[in-house]
Amino acid sequence: MLDLIGPVLAFSLTLAVLSYLIGDNPLYRLAIHIFVGATAGYAAIVAWSNVIYPLMVVPIFSTETLGNLLAFNTLALTQLISPAGGLLLGLLLLLKSRSIALGSVATAFMVGVGAAIAIGGAVTGTLFPQINATSLSLLPFDAGGFNGVTLIENLIIIVGTLTTLMYFYYSARRNADGLSGRMAGLLRPLKFVGEVFIGLTFGVLYAGAMVASLALFSERMLALIDIASLLMTRLMGPS
Amino acid sequence: MAVLRCANCGKPNPDFLDICQFCDQPLRGEGAPAAAESAPAEPVEAIPDWLRGEAAAEPEAAPPQRQEQDWMWKGTGGEAEQPAASAEDVPDWLRAMQGESPAPAADEPSSAAIPDWLSGGAASDPFAAPAESAAAMPDWLTGGTSAEPAAPAPSPAASDIPDWLRGMGEPSTEPSAFDAPASAAPASDVPDWMNSLGGAPAEPAPSFGTPATPAASDVPDWMNSLGGAPAEPVPSFGTPAAPAASDVPDWMSSLGGAPAEPAPSFGASAAPAASDVPDWMSSLGGAPAEPASPFGASAAPASDTPDWMSSLGGAPAEPASPFGASAAPASDTPDWMSSLGGAPAEPASPFGASVTPASDTPDWMSSLSGAPAEPAPSFADPSFEAPAEPGPSFAAPETAQPSWMSEAGTGSALAGETPSWLSAFRPSGSDATEGALPPAGATPFGASDEIAQTALPSWLAALKPASPDSPGGATEADTYQETVGLLAGVRGILRAEPLIAMPHKSNTEVHKLLVTDAHVAQADILAGFLKEDTETSPEAKRKARLSVPFERWLVMVLLIVAVIVPPLFTPGIFPVPRTINLATQKAFQIIDKLPNDKPALIAFDYDPAQSGELNPGAEALVSHLIRRGVPLIGVSALATGAGVGEEVLRHAAEGKYAYGTHYTNLGYILGGPVGLYLFAVAPRRAFQIDFQGTAQAWDQPLLASLWPPDAGRSLGDELSLIVLISATPEATRAWIEQTRALTAKVPMIAVVSAGAEPLVRPYYEGSYHEGEQPALNGLVTGVVGAAQYEQQAGVPGSASGLWDALGGGLVMLLVLFVAGNLIFGVVGFMRRRKR
């Protein structure tokens with residue numbers, strides 16, 4: 001019977017979430033609250049057990065570290081500098097308030113390091129490769145000779161990339177009377193083409209989201225059927 | 001600058017004025033003096049004969065007016081600016097005191113400024129002021145007479161001058177403190193009380209004309225002290241005059257000062273002998289050791305003081321001087337003198353306001369005390385008749401005191417009336433139009449038609465602050481009642497904190513705007529606009545509609561049917577995919593050819609909510625790797641993803657792999673991109689324990705030989721494959737951006753959700769250049785990709801079980817899309833046509 005608890009809970013919570021069909025109701029709210037609470041609690045436990053305790057508490061209070069510290073061994077410094085620094089920054093972040101500005105040090109450290117890592121990775125991992133990928137040849141020839149399809153594909157990629165970037169250009173030339181004027185004439189049709197590509201991209205994204213949602217829905221429906229069958233089997237006994 | 005003397009009051013005025021600043025009479029024209037140096041005219045008829053003394057007989061004897069005025073006009077320019085005094089304004093009794101004062105020193109106040117009654121008047125007549133002293137008498141003493149400055153004021157008629165006063169006219173040979181041509185009056189003619197004023201016989205007389213010292217025999221004792229001892233000059237204002245102590249009553253000696261002590265002056269302290277000083281005069285001179293100056297005297301004993309003089313000296317402890325004043329006992333004081341002293345406790349001085357009996361006070365004396373148009377006082381002479389006309393000797397007839405006199409006496413220029421030129425700067429009163437400038441005639445600079453009056457515009461007048469005295473203003477009464485301490489319950493006490501320092505709002509509406517009807521109308525309009533914004537407009541009536549979400553329920557029912565029916569009732573209605581996606585095929589080929597000497601890293605970057613879509617693909621790849629015998633290392637950049645990965649690995653390795661030997665789950669990588677970068681650089685530093693809590697995770701057989709410490713090996717050096725399973729494009733991008741540089745030689749496969757696939761595909765098809773490797777070597781998209789992978793692998797999995805349900809749902813979605821667009825398109829078209 002204990003093995004039915006999980007399926008029963010899953011079945012109940014699934015139905016509670018699907019009850020949103022009739023509108024916002026307490027069952028739906030209960031299910032959402034349980035989901036959020038369980039997720040937060042699980043994440044907190046994992047963070048403590050897999051990160052904070054083994055990477056910060058254990059190195060500081062380990063016998064090896066304490067022994068080196070008491071022996072005034074310089075090795076203790078290398079063992080303590082990382083966990084102690086992290087612990088200090090964490091405490092400063094917890095004490096961050098209007099009256100205590102020391103917490104800003106930890107925040108500044110996190111933001112600075114994160115920005116550096118993210119920017120470096122974005123430039124080398126995304127921006128440069130995408131620029132490289134956009135620089136395609138419009139010659140209808142490849143290694144196998146004339147290839148019109150390659151030409152069209154390359155052209156579509158180049159045109160789509162450039163016009164999409166042009167769509168986000170919002171500057172306009174000022175008129176003689178000083179009021180805002182219209183943008184250059186050649187830019188407007190290009191912006192329209194970019195808008196088309198953007199629309200197509202959004203459509204594809206929406207379709208993919210629909211497929212993903214449908215897959216999830218299908219899995220849940222089948223899961224409900226399986227649980228219901230299991231419950232019926234257990235309740236009714238093997239027939 | 002030339003000076004014009006007013007014909008009316010005799011005061012000096014600058015020549016650029018057309019109207020006297022004291023009496024508001026025209027300076028030029030009929031009746032005005034012809035020149036500043038004009039000789040003083042005959043004494044006015046208002047001056048009684050006893051005051052005039054020998055003025056009529058000796059009109060030319062008056063000293064220069066300028067000298068008499070010096071003590072009063074100190075700093076105003078000296079002798080050259082002395083206005084011409086009107087001889088007719090000089091009382092006879094005063095004029096007589098002027099006597100034959102010598103010419104004053106250049107730097108000293110002119111002894112001619114000493115009045116005759118102080119200076120001793122004429123040689124033998126206390127009222128016979130020296131000729132040269134009469135002209136120097138100030139206007140308020142001389143009555144504004146236009147006497148020639150060089151000509152001495154006429155001495156009063158001898159018959160009119162009491163003996164006691166007659167002796168005070170002798171000038172002093174020494175210049176007085178006020179540059180008066182003082183001449184010591186015969187001591188016999190100078191009352192003691194007057195003698196004391198003059199001090200020593202050789203000392204100059206007070207500046208009010210030359211000191212005249214009447215014969216001592218004719219001078220009552222109380223007057224003797226004024227003049228001092230015979231041959232003792234009347235004390236001057238500022239000059240040391242020491243009358244003989246024996247002849248000087250104490251009360252007068254206090255005026256003139258003790259022997260060898262300086263005579264009473266403005267502020268000088270003198271201590272007369274108390275025994276000889278009547279009480280009423282002692283108040284003039286002050287008590288012993290108190291200053292007994294006519295201009296700042298302290299109290300004198302009141303017992304010996306006649307009433308009329310008591311008014312001069314005032315009550316005990318009050319100054320008893322005709323020039324500084326306090327009240328003297330009223331019993332012995334003639335009215336004219338009482339007017340000098342004024343009422344008890346009030347100054348009886350031409351320099352201070354006072355209240356005087358109105359009956360006997362001559363005008364010139366009343367101007368001393370401040371009461372306008374009062375008859376001149378009488379020195380107890382029954383023959384004295386009040387002048388028919390008020391004597392404007394000391395003040396303008398229309399004003400109680402000149403401004404300079406009132407300022408000196410009371411310290412305030414606002415006591416009494418102010419000259420017209422000054423009153424022009426008053427705030428507009430009842431007789432002025434609101435917002436209008438002062439009357440043009442009141443300008444100090446004459447021309448009334450130079451500055452035209454104007455009216456403030458209404459909008460500016462509306463901003464005029466209301467007067468605190470206006471009817472709308474309420475007085476602020478302090479009703480504070482103490483609540484603590486000994487003074488609890490007491491009202492009207494001083495607060496510990498001044499009221500002005502306490503934050504409060506005044507009840508007085510100082511600033512009150514004038515609101516017109518137009519303003520009210522505009523304000524109402526604005527209020528209406530604001531009210532409309534806050535008011536809720538009633539909803540438009542609409543047809544009654546069911547609140548049931550019919551469309552939502554319909555779509556849900558259709559989808560449920562489409563998902564449930566095929567797998568339950570029509571299994572296999574949707575055939576398995578026969579065509580394999582190229583990206584999925586490449587992923588399969590990579591794994592299928594993967595060596596099994598190095599482990600494969602699998603990143604489960606999705607949470608349980610997306611497990612329904614991604615688990616089929618994850619299970620397919622993990623199963624394939626297990627079939628290939630490739631060791632597996634599980635990680636996750638999400639806290640909940642580590643648990644999902646643990647479940648997938650455990651389910652896939654059940655019965656095939658051993659934990660720690662063939663597969664392991666290191667768990668959660670903290671820090672997002674930063675943690676991924678650390679894991680890529682130094683994997684051992686990113687983990688100390690695994691997801692199951694094994695303390696020495698790196699001691700496991702699978703991991704013991706991987707990334708040895710201090711070996712300097714990165715993530716890609718020990719791996720054969722990296723599989724990224726993520727629900728969002730951001731997770732995949734983070735792995736590619738942070739680790740791809742260090743794992744360029746390791747193939748990377750991504751299993752992504754159908755919704756993230758459009759944004760992840762560029763990493764798969766990122767480069768068409770020959771020789772370049774894209775970031776992703778294979779791509780499996782959602783359930784469809786998982787199903788294709790299983791089809792490729794030939795091992796059915798959970799993806800195949802979902803294929804019918806997914807197919808039914810996709811078909812229903814397609815039907816709903818088409819039908820919905822058609823229905824709502826047509827309906828919308830029909831509605832637009834109706835409009």
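Order of the sequence lines fixes the chain letters, A, B, ..., with proteins taken first and strands second; residue numbering starts at 1 for each chain.
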Pick from [options]: which one has the most heavy-atom pairs with chain B under 4.5 Å?
options	answer
A:Gly125, A:Pro59, A:Pro54	A:Pro54
A:Val123, A:Val211, A:Thr201, A:Leu205	A:Leu205
A:Ile225, A:Leu222, A:Asn50, A:Leu55	A:Asn50

Give, as side chain, backbone, both or neither, the part of [X] having an atom under 4.5 angstrom from any heavy atom of chain B.
X	answer
A:Val204	both
A:Leu21	both
A:Ala43	both

Please classify the contact between [X] and chain A as side chain, backbone, both or neither, with a heavy-atom cut-off of under 4.5 Å.
X	answer
B:Ile560	both
B:Asn615	neither
B:Tyr677	side chain
B:Pro567	side chain
B:Leu806	both
B:Phe691	both
B:Ala686	backbone
B:Ser753	side chain
B:Ile669	neither

Pairing residues for B:Glu730 by the side-chain hydrogen bond (donor to acceptor under 3.5 Å, both in side chains) criterion, not counting sequence neighbours: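 Testing B:Glu730 for side-chain hydrogen bond (donor to acceptor under 3.5 Å, both in side chains), a comparison that skips the adjacent residues, returns none.
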
B:Thr570: side-chain hydrogen bond (donor to acceptor under 3.5 Å, both in side chains) partners, not counting sequence neighbours: none

Can you confirm whether [X] sits close enough to [Y] that some side-chain heavy atom of one is under 4.5 Å from a side-chain heavy atom of the other?
X	Y	value
A:Thr126	B:Tyr763	yes
A:Thr124	B:Glu737	no
A:Val58	B:Gln688	no
A:Phe217	B:Glu613	no
B:Trp553	A:Ile22	yes

Nearest atoms (heavy-atom pairs only) where B:Gln738 meets A:Gly121: NE2-CA, 3.9 Å

Nearest non-hydrogen partners of A:Tyr20 and B:Arg552, listed with the distance: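 Smallest heavy-atom distance, with atoms named: O-NH1, 3.6 Å.
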
Chain B neighbours within residues 105-114 of chain A, where any heavy atom lies under 4.5 Å away: A:Val113, A:Gly114

Residues of residues 8-19 of chain A contacting chain B, heavy-atom criterion under 4.5 Å, by residue number: A:Leu18

A:Met221 CE to B:Leu802 CG distance, which is reported to the nearest 0.5 Å: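 A:Met221 CE to B:Leu802 CG: 12.5 Å, rounded to 0.5 Å.
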
Straight-line distance of A:Glu219 CD to B:Ser798 OG, nearest 0.5 Å: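 Answer rounded to 0.5 Å: 8.5 Å.
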
Candidate list B:Leu810, B:Val563, B:Val783, B:Asp804, test side chain to side chain contact (heavy atoms under 4.5 Å, CB included), partner A:Ser218, passing option: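 Only match with A:Ser218 under side chain to side chain contact (heavy atoms under 4.5 Å, CB included): B:Val563.
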
Heavy atoms of other groups near A:Ile131 CD1, more than 12 under 6.0 Å: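 Counting other residues, nucleotides and ligands, CD1 of A:Ile131 exceeds 12 neighbours.
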
Within 6.0 angstrom of A:Tyr167 OH, more than 12 heavy atoms from elsewhere: no

